[in-house]
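Read through the structure below, which is laid out as structure tokens, and then see the notes.
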Amino acid sequence: MVFSHGFGTNQHAWRFVAPAFAAQHQVVLFDLVGAGNSDKAAYDFARYRTLDGYVDDLLALLRELQLPKVVYVGHSVSGMIGVLAAIREPALFERLILLAASPCYVNDGDYQGGFEPSDLEELLGFLDRDYRAWSYSTVPALVGGDMRPDLLDDLLDSFSQVEPPIARQFARAAFLSDYRTDLPKLQVPALIVQCAEDSVAPSSVGHYLHAHLAGSTLDILNTTGHYPHLNAPVATIASLQRYLGLGVSQYAIGA
């Protein structure tokens, strides 16, 4: 069972959820290049201009570890990294779990991705000018009102560890991407876990994913914000366990 974190975080973000599955699965955690304890010297601005570089990394990791078919859990942008990887090499994946993921963050006609184009450009412009200030101004609004202050402090610390040039490029690779036309290519079953209130990936995005991913399952969690694995770990664990056919555990560190 492979867990992949989203923008601004690292593998530590899974500390409340991943251990609940260690008894039934081999659990694999890793940091995307440019995040956490990854080798920052390995970051190549040409390679990671789009999500394709991260897709290549994920496939290389799975092959290197010689894992059997994996259950892949991807938060936010890592959800789409997993979708693209599974489209390319479906034999490596048993199932996908997409946690607060989105194929497109921009509103487009009837599609409600969460941001008007002008608002997204303003947000990215602020991030370009001062990433630290952007983090402390914007992240609290993304997490929702349910997150404990100590968890918010940890999250802000995680964001601060990302080098600003890397953060700027990764943010644009994620927020300006549009993978809606790729969704019908996925042949691997997927669970879509969306929060009822999420300004980054609203529940309407979950319904869109469900409608365009054949054989998918949709679970809308009754929580707010973009980080259910941090502020609603019990509900997140239960959703994953139901989908995987596991007995619902009471295990959730710090919950």
Side-chain angles (χ1 to χ4, degrees), residues 1-15 17-18 21-22 25-105 158 161-162 166-167 169-193 201 209 213 216 226-227 229 240 243-244:
M1 197 166 179
V2 177
F3 291 82
S4 184
H5 63 85
F7 171 67
T9 62
N10 53 59
Q11 63 179 274
H12 187 56
W14 297 111
R15 64 194 181 278
V17 171
F21 299 90
H25 295 82
Q26 177 186 357
V27 170
V28 176
L29 303 173
F30 70 101
D31 292 327
L32 298 174
V33 174
N37 292 321
S38 67
D39 181 4
K40 303 302 190 294
Y43 191 89
D44 182 315
F45 282 90
R47 177 181 176 85
Y48 299 107
R49 184 176 55 83
T50 70
L51 298 187
D52 287 342
Y54 299 101
V55 173
D56 291 339
D57 288 352
L58 174 59
L59 294 173
L61 173 68
L62 298 182
R63 289 192 294 264
E64 177 67 24
L65 295 178
Q66 297 183 330
L67 298 173
K69 280 191 172 186
V70 302
V71 175
Y72 173 87
V73 186
H75 172 241
S76 193
V77 63
S78 275
M80 288 313 302
I81 291 171
V83 168
L84 297 173
I87 289 172
R88 196 184 302 176
E89 295 196 33
L92 295 177
F93 297 86
E94 178 185 335
R95 307 189 203 188
L96 301 181
I97 296 175
L98 312 178
L99 185 63
S102 175
C104 178
Y105 295 89
S158 173
Q161 293 174 25
V162 183
I166 294 175
Q169 177 161 285
F170 192 21
R172 289 190 173 274
F175 286 115
L176 298 181
S177 62
D178 185 350
Y179 294 104
R180 286 176 290 175
T181 59
D182 292 290
L183 299 179
K185 303 173 187 176
L186 183 69
Q187 301 174 357
V188 177
L191 169 66
I192 302 154
V193 183
L209 285 169
L213 293 177
S216 63
H226 191 56
Y227 300 87
H229 50 317
L240 272 59
Y243 180 68
L244 297 174

**Prompt:** If you count the non-hydrogen atoms of other residues, nucleotides and ligands that lie under 6.0 Å from CG in Asp178, is the total more than 12?
**Reply:** yes
**Item:** Ring centers of His75, Tyr227 separated by less than 6.0 Å
**Value:** yes
**Request:** Could you tell me the separation between the OG atom of Ser76 and the CZ atom of Phe175, rounded to the nearest 0.5 Å?
**Result:** 6.5 Å
**Request:** Could you tell me whether Glu89 atom CD has more than 12 heavy atoms of other residues or ligands within 6.0 Å of it?
**Result:** yes
**Asked** Just how far is it from atom OH of Tyr72 to atom CD1 of Ile81, taken to the nearest 0.5 Å?
**Response** 5.5 Å
**Asked** Any side-chain heavy atom of Leu244 sitting closer than 4.5 Å to one from Met1?
**Response** yes
**Within-4.5 Å side-chain heavy-atom neighbours: Arg47 and Val33** = no
**Asked** Taking Ser78 for the side chain and Gly6 for the main chain, is one N or O donor matched with an acceptor at less than 3.5 Å?
**Response** no
**Prompt:** CG/Leu61 to CG/Leu67 distance, rounded to the nearest 0.5 angstrom?
**Reply:** 7.0 Å
**Request:** For residues Tyr48 and Phe170, establish whether the separation of their ring centroids is below 6.0 Å.
**Result:** no
**Asked** What closest approach, in Å, do Pro103 and Leu209 show between heavy atoms, and which atom pair accounts for it?
**Response** CD-CD2, 3.7 Å
**Message:** Are there over 12 heavy-atom neighbours, none belonging to Gln161, within less than 6.0 Å of that residue's CD?
**Reply:** yes
**Request:** Please assess Ser177 against Thr50 for the test side chain to side chain contact (heavy atoms under 4.5 Å, CB included), listing each intermediate value before the final yes or no.
**Result:** CA-CA 8 Å; Ser177 62; Thr50 70; over 6 Å; no
**Beyond-backbone contact of Met80 with Val55, side-chain heavy atoms, under 4.5 angstrom** = no
**side chain to side chain contact (heavy atoms under 4.5 Å, CB included) between Phe7 and Val162, worked out** = CA-CA 9 Å; Phe7 171 67; Val162 183; 5.6 Å; no
**Message:** So that I can tick it off, tell me whether Asp31 and Lys40 are bridged by a salt bridge, with the cut-off set at under 4.0 angstrom between side-chain N and carboxylate O.
**Reply:** no
**Request:** Give a yes or no answer on whether the side chain of Gln169 reaches the backbone of Phe45 with a donor-acceptor pair at less than 3.5 Å.
**Result:** yes
**Asked** Looking only at atom types and distance, does a side-chain atom of Arg49 sit under 3.5 Å from a main-chain N or O of Ala46, one as donor and one as acceptor?
**Response** no
**Request:** State, with a plain yes or no, whether a side-chain heavy atom of Val77 is found less than 4.5 Å away from one of Tyr54.
**Result:** no
**Prompt:** Is there a donor-acceptor pair under 3.5 Å between the side chain of Arg95 and the backbone N or O of Tyr243?
**Reply:** yes
**Prompt:** Can you name the nearest heavy-atom pair linking Ala201 to Ala100, along with the distance?
**Reply:** CB-O, 3.8 Å
**Prompt:** Can you find a pair of side-chain heavy atoms, one from Leu186 and one from Leu96, that are under 4.5 Å apart?
**Reply:** yes
**Request:** Start with the C-alpha gap between Leu59 and Leu92, add the side-chain angles, then the distance that decides, and say whether side chain to side chain contact (heavy atoms under 4.5 Å, CB included) holds.
**Result:** CA-CA 8 Å; Leu59 294 173; Leu92 295 177; 3.8 Å; yes
**Asked** Once you round to the nearest 0.5 Å, how far does SG of Cys104 lie from CG of Leu176?
**Response** 9.5 Å
**Fill in**
All heavy atoms of Leu29 vs all of Ala18, minimum pair found to be CD2-CB, 4.1 Å
**Least distance between heavy atoms, Gly8 atom then Ser158 atom** = O-OG, 2.7 Å
**Item:** Sub-4.5 Å side-chain heavy-atom contact between Ser4 and Leu58
**Value:** no
**Complete:** On a heavy-atom basis, the closest approach of Leu65 and Val28 is CD1-CG1, 4.0 Å
**Asked** Where is the tightest heavy-atom contact between Ala13 and His229, given as atom of each residue plus distance?
**Response** O-CD2, 3.4 Å
**Item:** Heavy-atom check, side chain of Leu51 versus side chain of Tyr179, under 4.5 Å
**Value:** yes
**Message:** Among Leu98, Asp182, Val188, exactly one meets side chain to side chain contact (heavy atoms under 4.5 Å, CB included) together with Val83. Which residue is that?
**Reply:** Leu98
**Message:** With rounding to the nearest 0.5 angstrom, report the CG to CD1 distance, Leu99 to Ile192.
**Reply:** 12.0 Å
**Asked** Step by step, would you call His5 with Trp14 a ring-ring contact (aromatic ring centres under 6.0 Å, His included)?
**Response** CA-CA 8 Å; His5 63 85; Trp14 297 111; 8.5 Å; no
**Item:** Note, Leu32 side chain near Ser38 side chain (heavy atom, < 4.5 Å)
**Value:** no
